[in-house]
Number of protein chains: 2
Amino acid sequence: MPETAARRGDRLAGSRYGNRPTMKDVAARAGVGLKTVSRVVNGEPGVTADTERRVQEAIEALGFRRNDSARVLRKGRTASIGLVLEDLADPFYGPLSRAVEEVARAHGALLINGSSAEDPDREQELVLALCARRVDGLVVIPAGDDHRYLEPELRAGVATVFVDRPAGRIDADVVLSDNFGGACDGVAHLIAHGHRRIGFIGDMPRIHTAAERLRGYRTAMADAGIPVADSWTSLGVTDPLRVRRAAEEMLSGTEPVTAIFAGNNRVTVTVVRVLAAHSRPVALVGFDDFELADLLQPGVTVVAQDAAQLGRTAAERLFSQLDGALVTPERVELPTRLITRGSGELPPAD
Amino acid sequence: MPETAARRGDRLAGSRYGNRPTMKDVAARAGVGLKTVSRVVNGEPGVTADTERRVQEAIEALGFRRNDSARVLRKGRTASIGLVLEDLADPFYGPLSRAVEEVARAHGALLINGSSAEDPDREQELVLALCARRVDGLVVIPAGDDHRYLEPELRAGVATVFVDRPAGRIDADVVLSDNFGGACDGVAHLIAHGHRRIGFIGDMPRIHTAAERLRGYRTAMADAGIPVADSWTSLGVTDPLRVRRAAEEMLSGTEPVTAIFAGNNRVTVTVVRVLAAHSRPVALVGFDDFELADLLQPGVTVVAQDAAQLGRTAAERLFSQLDGALVTPERVELPTRLITRGSGELPPAD
DNA sequence: TAGAGCCTGGACAACGTTGTCACGTACGAG
DNA sequence: CTCGTACGTGACAACGTTGTCCAGGCTCTA
């Protein structure tokens, strides 16, 4: 005898009060066939009003809820998409995630999301777990730089869009901000206000956005004919303590910087703290906008990118893929916007 | 002939390159039985090294990925939990969600989350969708005040914990902040600094947290023997425009308030903006901490609650339920902390 | 009133996986 | 040499749903 009733009870010992009712149970209670219940649950035609009522009553009485796992198994689509990002607690990703969710909702899909914590292994683990759950599509903010592990998934038809940073070693849709252009603009803005000794504090250059912003900084400096001293750039620095130390170093010594370009919102916030305690006024432009930037003294000038718009665009491309509307992977780049609030317009305090 | 191969092709026309390999395909390629593949995939014992290697090669070659829908159907557990909150873009919920995710991850579970947008219908829709997907457990920040629709789920053994606000009309675990006590402390702090005309701006009292904070405000005022004028409290106000108007009203007239207690972080931020443009100094204490509160002029005194700790506590209770460790629903209340930074210590400018 | 056509409802297979059981082979003990 | 045992392996049913097909009853028309 395969899998006796007793055994089945054992297997479900974890449940508090036994098993959930199935369509079969509903059918028995309503005195109809299994398929009729299915029809009622799915609003399919071909059921008389009276039968439908009886089925509805049985559903109500038993507290029946369709098992979507079985449904997915049968239908092949899960009506859910996955979002892998770096850290949901980061104020940059909250709105992005929410925007993706809204688009998903409009398409009747749920969103499963996971934080990679900037760890490539964890990213892969998450992505593959999502694929095992057969999400219809993936929105990925990559932590790693090699995504060949996704090839079988892409072949199998999992729609995929990368956001904020491009995919590594595979050809896939990607939605980016104009990190290079934005950084150029921000640094050029400082130069236009008379600064020549400008510091840059950013993340590890292996992260695409960080590398692009650094390139923007270097290009703007080169375009203005300003040689960049080694001591002016500080890379791979994100935790507040090290950012603080890096900023303090740039601000001391024989050739102190008169302005700082901060590579992302977390860096900016820490630099603001350092500058607040600093004697001389130092100009500051940050990449990424943040709440209350306008209320600080002085207001913080930033290169703003629209996180929600990034998410929305990516999600919309995802569903276009699922509708079969897109064939060739594309790279979409969204513009950034320089918002002047005071800190970037301070003159050099030489 | 039921469901011909041709039909099957039709059904999958949406996929880009056809179907995914199954264990059967892997078995055929490796020249072993289906169950042997299952054993390898799940790391079960009873497979020789040589067989295992052949299976692994076939898996690699075909890009096989286990279909968790089928697995769930068979095993009854999904290793995923659902989180329903108000708005992921709100800086209060980001860290909370992340904390829940971390606990889930430690238990090998994925997190599916959805935003209710403070709409009870949408909350129910989300919760039921999650139940249909057979999540093992639910963490809910309720928008509605009647959760009897969850009764069948609870009976069926879906672990459930409510956070931030209690469940309505059902008996369930709940993890809260001490909203009443925190508000009391905050208002008492203002009173201790000499204020008597203190305004309160908060959310709709149908939201539990808002009601509790209002109660705290009233209690603190009553304890100090201060009668509260109607014009000092403004409820159901969250969007910046109306908060602004409410604040401006309190600050004008014959009996203007000399201090404001703000009912949540969004209100606080808007009030800060209003006060920045105001001629007279006005004291402010806000409920909820927020980034950069210390850098404003003056720093903003707040009643801080630990969102991450709320999420962590709730998630841990959830997994305790799943382990069968908990039987009786409980109410856990986490303390709040008054953080003085200047704005709450301003004397009344009478 | 008989036949055609429609409408309703049910039987059955299939989705991809895992639990159970049984078979066969190799090996050690008696 | 034979029996028992242990182990590796595979056949098969079952999870709960949906798609297909067929049967039976009804209505409508000639």
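Since we're looking at a predicted model, the values are computed, not measured. Every heavy atom of this structure was used, including side-chain atoms; hydrogens, water molecules and symmetry mates were not.
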Self-check item: Whole-Å distance separating the CZ atom of B:Arg134 from the C1' atom of D:dT17
Solution: 11 Å
Practice problem: Rounded off to whole Å, could you give me the NZ-to-P distance for the A:Lys24 and C:dG10 pair? | Solution: 15 Å
Practice problem: Send over the distance from B:Arg77 CZ to C:dT17 C1', rounded to a whole Å. | Solution: 18 Å
Practice problem: Using whole Å, report how far CG of B:Leu34 lies from C1' of D:dA14. | Solution: 13 Å
Quiz item: B:Arg74 side chain N/O closer than 4.0 Å to the phosphate oxygens (OP1, OP2) of D:dA14?
Solution: no
Exercise. Compare the minimum distances between each of D:dG10, C:dT17, C:dG10 and the side chain of B:Val32, then state the nucleotide with the smallest one.
Key: D:dG10
Exercise. Please check the phosphate of D:dG10 (OP1 and OP2 only) for any side-chain N or O of B:Thr36 closer than 4.0 Å.
Key: yes
Quiz item: Roughly how many Å is it from CE in A:Met23 to C1' in D:dA14, rounded to a whole number?
Solution: 18 Å
Self-check item: A:Lys35 side-chain N/O to C:dC12 phosphate OP1/OP2 under 4.0 Å
Solution: no
Exercise. Quick one: label B:Ser69 by what it contacts on the DNA or RNA (base, sugar-phosphate, nothing), any heavy atom closer than 4.0 Å.
Key: nothing
Practice problem: Give the rounded distance in Å between these two atoms: CD of B:Glu44 and C1' of C:dG19. | Solution: 9 Å
Quiz item: Touch check for B:Thr48, heavy atoms < 4.0 angstrom, all strands: base, sugar-phosphate only, or nothing?
Solution: sugar-phosphate
Quiz item: Does A:Thr22 make a side-chain N or O approach to OP1 or OP2 of D:dC15 shorter than 4.0 Å?
Solution: no
Exercise. May I ask you to decide if the ring planes of B:Phe319 and B:His107 are parallel, tilted or perpendicular, using 30° and 60° as cut-offs?
Key: parallel
Quiz item: Hey, is A:Glu153 close enough to B:Arg65 for a salt bridge, meaning N to O under 4.0 Å?
Solution: yes
Exercise. Would you please say whether a donor-acceptor pair under 3.5 Å links the side chains of B:Glu123 and B:His147?
Key: yes
Self-check item: Euclidean distance, atom CG of residue B:Asn42 to atom C1' of C:dG19 [Å, nearest integer]
Solution: 12 Å
Quiz prompt | Quiz item: B:Arg39 side-chain donor-acceptor pair to D:dG10 base, under 3.5 Å | solution = yes
Quiz item: Any side-chain N or O of B:Lys75 under 4.0 Å from OP1/OP2 of C:dG19?
Solution: yes
Quiz prompt | Test: B:Glu57 and B:Arg53 ion pair at under 4.0 Å | solution = yes
Practice problem: Indicate, with a heavy-atom threshold strictly under 4.0 Å, whether A:Val72 touches base, sugar-phosphate, or nothing. | Solution: nothing
Quiz item: Looking at A:Asp173 and A:Thr160, what are the two nearest heavy atoms and their distance?
Solution: CB-O, 3.8 Å
Quiz item: For A:Asp25 and D:dG16, what is the distance between atoms CG and P respectively, to the nearest whole Å?
Solution: 8 Å
Exercise. Look at all strands and tell whether A:Val47 reaches a base, only sugar-phosphate, or nothing, counting heavy atoms closer than 4.0 Å.
Key: sugar-phosphate
Practice problem: State, without any angle test, whether A:Asp87 and A:Ser115 hold a side-chain donor-acceptor pair at a distance under 3.5 Å. | Solution: no
Quiz item: Reckon A:Arg66 touches a base, only the sugar-phosphate, or nothing at all at heavy-atom distances under 4.0 Å?
Solution: sugar-phosphate
Quiz item: Does D:dC15 have OP1 or OP2 sitting under 4.0 Å from an N or O in the side chain of A:Asn67?
Solution: no
